[in-house]
Amino acid sequence: ASGTSSTVLKDKITGYESVEYVLGAAAGQTMAVSMQSDNASAYFNVIPPASDEAMFVGSTSGDTFSATLHANGDYVIQVYLMRNAARRNEVAQFSLSVEISGKPAKPGDLQPDFADGLMGGPDFWDVTGVGADDTLNLRKSPSAKAPILAKFPDGTMLRNKGCRIDDNIRWCLVELPDDPSVQGWVAG
């Protein structure tokens, strides 16, 4: 409801249904969303004002979101089932906890979000989870078939320049912070 700062929403979706909740918030405030569901294929996305690209994609990032907002306006929280469950017309009962905290930013308070595309920040990433004898491939374009420009082992710090979805894979444009000429795409 207007004027409140938190709520818990309980609902269900079936098959290809989705539900969208609209939440007005201001730049500088913090939004926190978490979801519990009886169906492991149920997720939520957070879509910022005046955008078609989600700043949080639950199917790749989990069931908890928290971020400082960088724009004023209506944010959309979309709950959905992954295609595998939707095709089987499965049902998902869910509970969505939503909270807005903090005061709106004053002009000049916020630094621009360098990695504002699709998934938002963080602005810097450390490569992790790559095996001792493996690397993260930096590619010329957002495709697993694109030429490899460089290879990064665990512990390499990369600047996140923004992400997008190509062929159902999240690709992120990154660069080496100390050498911006080393720039390309990695699978998110």
Side-chain angles (χ1 to χ4, degrees), residues 1 4-25 30-71 73-101 113 115-122 125-131 134 136-137 139 141-146 154 158 160 162-174 185-188:
T4 61
S5 61
S6 67
T7 191
V8 175
L9 305 162
K10 295 182 180 187
D11 205 345
K12 75 174 185 174
I13 52 175
T14 303
Y16 286 99
E17 291 178 341
S18 68
V19 63
E20 294 182 348
Y21 300 98
V22 179
L23 174 66
T30 299
M31 178 190 296
V33 182
S34 63
M35 186 172 91
Q36 294 179 335
S37 177
D38 62 354
N39 189 317
S41 293
Y43 295 100
F44 71 93
N45 294 342
V46 178
I47 304 164
S51 178
D52 294 330
E53 292 185 356
M55 62 189 280
F56 175 85
V57 177
S59 62
T60 58
S61 299
D63 57 8
T64 302
F65 164 79
S66 180
T68 299
L69 305 177
H70 290 274
D74 289 337
Y75 288 78
V76 175
I77 302 168
Q78 177 189 45
V79 179
Y80 62 95
L81 280 167
M82 292 296 289
R83 188 173 24 191
N84 64 324
R87 266 194 310 253
R88 292 190 297 267
N89 209 36
E90 290 182 14
V91 175
Q93 302 271 352
F94 65 89
S95 173
L96 194 68
S97 174
V98 182
E99 179 180 357
I100 294 289
S101 60
D113 186 5
D116 61 358
L118 189 62
M119 293 294 290
W125 287 341
D126 282 330
V127 176
T128 61
V130 178
D134 201 1
L136 176 67
N137 294 328
R139 298 189 177 270
S141 62
S143 167
K145 296 177 182 175
D154 265 0
L158 300 171
N160 178 13
C163 302
R164 71 186 215 196
I165 299 290
D166 269 20
D167 292 328
N168 294 321
I169 297 172
R170 185 175 68 128
W171 290 93
C172 299
L173 181 64
V174 298
W185 294 88
V186 297

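In what follows, every heavy atom counts, from backbone to side chain, and hydrogens, waters and symmetry copies are set aside.
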When rounded to the nearest 0.5 Å, the distance separating CE of Met35 from CD1 of Ile77 is 11.0 Å
Here the pair of heavy atoms bringing Trp171 nearest to Ala144 is CZ2-N, 3.4 Å
All heavy atoms of Leu69 vs all of Tyr75, minimum pair found to be CB-OH, 3.4 Å
d(Ile100 CD1, Thr30 OG1) to nearest 0.5 Å is 8.0 Å
Does the side chain of Phe44 come within less than 4.5 Å of Phe65's, by heavy atoms? yes
CG of Asn45 to CD of Glu53, rounded to nearest 0.5 Å, is 11.5 Å
Output, in order, the C-alpha distance, side-chain angles, deciding distance and verdict of side-chain contact (heavy atoms from CB on, under 4.5 Å) for Arg87 and Tyr16. CA-CA 7 Å; Arg87 266 194 310 253; Tyr16 286 99; 3.1 Å; yes
Hey, does Asp11 have a side-chain heavy atom less than 4.5 Å from the side chain of Val79? no
NZ of Lys145 to CZ of Arg139, rounded to nearest 0.5 Å, is 11.0 Å
Taking every heavy atom of Ala86 against every heavy atom of Gly15, the minimum-distance pair comes out as CB-O, 3.4 Å
Review point. Going by heavy atoms in the side chains, are Glu99 and Ser101 under 4.5 Å from each other?
Key: yes
Between Val8 and Ser95, the two heavy atoms sitting closest are CG1-OG, 3.4 Å
Any side-chain heavy-atom pair from Leu23 and Val33 closer than 4.5 angstrom?
-> no
Shortest non-hydrogen pair, Asn160 vs Val174, comes out as CA-CG1, 4.3 Å
In terms of heavy-atom contacts, Ala187 and Leu136 come closest through O-CD1, 4.4 Å
Worksheet item: Using 30° and 60° as the class limits, which term best fits the ring planes of Tyr43 and Tyr80: parallel, tilted or perpendicular?
Response: tilted
Is there a side-chain contact between Asn39 and Val91 in this structure, where contact means two heavy atoms from C-beta onward sitting under 4.5 Å apart? no
Counting only heavy atoms not in Gln36, do more than 12 fall under 6.0 Å of its CD? no
If you define the side chain from C-beta out and look only at heavy atoms, does anything of Thr64 sit under 4.5 Å from Ser34? yes
Value for OG (Ser59) from CZ (Arg83), rounded to nearest 0.5 Å, stands at 11.0 Å
| Are Leu81 and Arg88 side-chain neighbours, meaning at least one heavy-atom pair lies under 4.5 Å? | no
- For residues Ser18 and Ile13, determine if any side-chain heavy atom of one lies less than 4.5 Å from a side-chain heavy atom of the other. no
In this structure, CD of Gln93 is separated from NZ of Lys12 (nearest 0.5 Å) by 6.0 Å
Look at the side chain of Ser51 and the backbone N and O of Pro48, then say whether any donor-acceptor pair between them is shorter than 3.5 Å. no
